[in-house]
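Take a look at the structure set out below.
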Amino acid sequence: MWNAGGQLAGDGSSQPRGPGATEIASARPCPAESTGASTAPRPSASLRDTGDGLVDGVTVITVGDGPRACAQFQVTNHEAEPFTYTIGFTAQSASGQALANTEQTVASVPPGRTVRRTVVLDDLPGAPADGGGVKITKVRSVPADEAPARAGSCPASGVRVHADEGSAAMGLRAVSLRLENCGTRVTRLNGYPRLQLLDGDHKPLEGVRILHGGSAIATGTGADGEPQPLAVRPGERAYAVLVWRNTVDNGTAEPAHAPYVRVRARPGADPVMVTPELDIGTTGRVGVGPWKKDETSGGGATRPSASGVPSVPAS
């Protein structure tokens with residue numbers, strides 16, 4: 001049997017706030033096992049707050065019996081506009097050992113509404129014992145009209161922008177912003193992407209400077225060089241590198257964290273909100289490199305590596 005391993009709701013309530021009626025979208029039942037074992041969801045008697053501060057209107061409400069980690073969860077949008085949520089889940093053993101991780105995206109939840117979904121974590125190392133659970137480990141939310149376009153889709157702008165998984169070592173961080181022309185017209189770039197760093201409440205992060213170029217932070221990261229005019233034709237790609245250090249001094253300053261970055265590829269472009277999780281420490285600065293053409297077939301090149309930071313393939 002599986003227990004709900006965590007509850008993450010703004011006030012402990014599963015009821016939505018704000019205007020509009022409650023809309024509960026049917027979640028699919030936990031899938032049946034080939035062994036014939038029942039995986040029908042049952043109410044949980046032990047929902048608890050994990051206490052890790054991941055509060056964003058997401059709650060595990062029921063779990064499934066059987067050898068798979070399966071749970072129904074609900075998402076309540078307390079904002080004034082539609083939001084898209086990305087939720088991380090971890091299947092745990094009865095002793096708290098992490099067995100498997102997954103992410104699920106719930107797109108365009110209307111304001112003041114609640115929707116239900118089901119998550120299944122497969123490929124567990126053996127059947128979990130009674131007392132295991134499914135825990136919410138991270139919740140990120142972005143305005144639906146600023147969410148990065150999914151692979152295989154193309155926004156009305158004809159330009160798809162997202163952030164890759166980045167690389168890190170010895171306090172140095174680097175993440176690439178990836179741009180793909182999925183439309184029918186040439187996209188022209190000249191200079192640096194426009195960035196706005198946002199905190200966990202989607203508010204502008206104060207006290208952090210955005211530098212053009214990365215040489216003041218580290219060399220060899222791909223964030224250096226002078227900007228050049230680029231003509232990104234349909235099917236072509238470009239990238240720009242963010243680089244920072246997460247050094248924390250022994251002073252009284254609080255470490256800065258920007259889970260979200262609002263990106264405009266050029267002046268006047270539609271904004272896209274990405275979630276690179278900038279753990280800036282107390283350094284107070286982030287470097288951004290100029291847009292560069294990705295000349296590799298399919299855009300699958302590796303970024304130049306930072307000193308001590310392994311390169312990461314484009315995604």
Which heavy atom in [X] sits nearest to a heavy atom in [Y], and how many Å separate them?
X    : Y    : value
E236 : A231 : OE1-O, 3.5 Å
L99  : Q92  : CD1-C, 4.0 Å
A216 : R285 : O-NH2, 3.1 Å
P229 : N190 : N-OD1, 3.7 Å
L197 : A258 : CB-CB, 4.1 Å
P82  : P111 : N-CD, 3.7 Å

Counting only N and O atoms by type, is there a donor-acceptor contact under 3.5 Å from the side chain of [X] to the main-chain atoms of [Y]?
X    : Y    : value
T105 : A107 : no
K292 : G222 : yes
T282 : D249 : yes
T137 : G88  : yes
N246 : D279 : no
D199 : D201 : yes

Looking at [atom1] of [X] and [atom2] of [Y], how far apart are the two atoms once the value is rounded to the nearest 0.5 Å?
X    : Y    : atom1 : atom2 : answer
S176 : H162 : OG    : NE2   : 9.0 Å
E146 : R264 : CD    : CZ    : 7.0 Å
N77  : R113 : CG    : CZ    : 10.5 Å
R116 : T76  : CZ    : OG1   : 9.5 Å
R209 : T283 : CZ    : OG1   : 9.5 Å
E103 : F89  : CD    : CZ    : 10.0 Å

Is there side-chain contact between [X] and [Y], with at least one heavy-atom pair below 4.5 Å?
X    : Y    : answer
P148 : V274 : yes
F83  : H78  : no
E79  : P143 : no
F73  : R117 : yes
V263 : L195 : yes
L179 : D294 : no
Q72  : T118 : yes
M273 : L198 : yes

Quiz prompt | Parallel, tilted or perpendicular: ring planes of H212 versus Y192, cut at 30 and 60 degrees | solution =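 The rings of H212 and Y192 lie parallel, inter-plane angle below 30°.
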
Between [X] and [Y], is there a shared hydrophobic cluster once you connect ILVMFWY residues whose side-chain heavy atoms come closer than 4.5 Å?
X    : Y    : value
V75  : Y260 : no
I280 : V175 : yes
V106 : I136 : yes
W244 : V208 : yes
L278 : V142 : no

Practice problem: Please lay out, stage by stage, how K293 and Q228 fare under the test side-chain contact (heavy atoms from CB on, under 4.5 Å). | Solution: CA-CA 10 Å; K293 184 75 73 73; Q228 302 291 334; over 6 Å; no

Quiz item: Given the rule in the side-chain contact (heavy atoms from CB on, under 4.5 Å) test, do L172 and R245 qualify, once you have shown the distances and angles that lead to the verdict?
Solution: CA-CA 5 Å; L172 181 60; R245 292 187 183 275; 3.8 Å; yes

Quiz item: For H257, what residues pass the side-chain hydrogen bond (donor to acceptor under 3.5 Å, both in side chains) criterion, not counting sequence neighbours?
Solution: E277

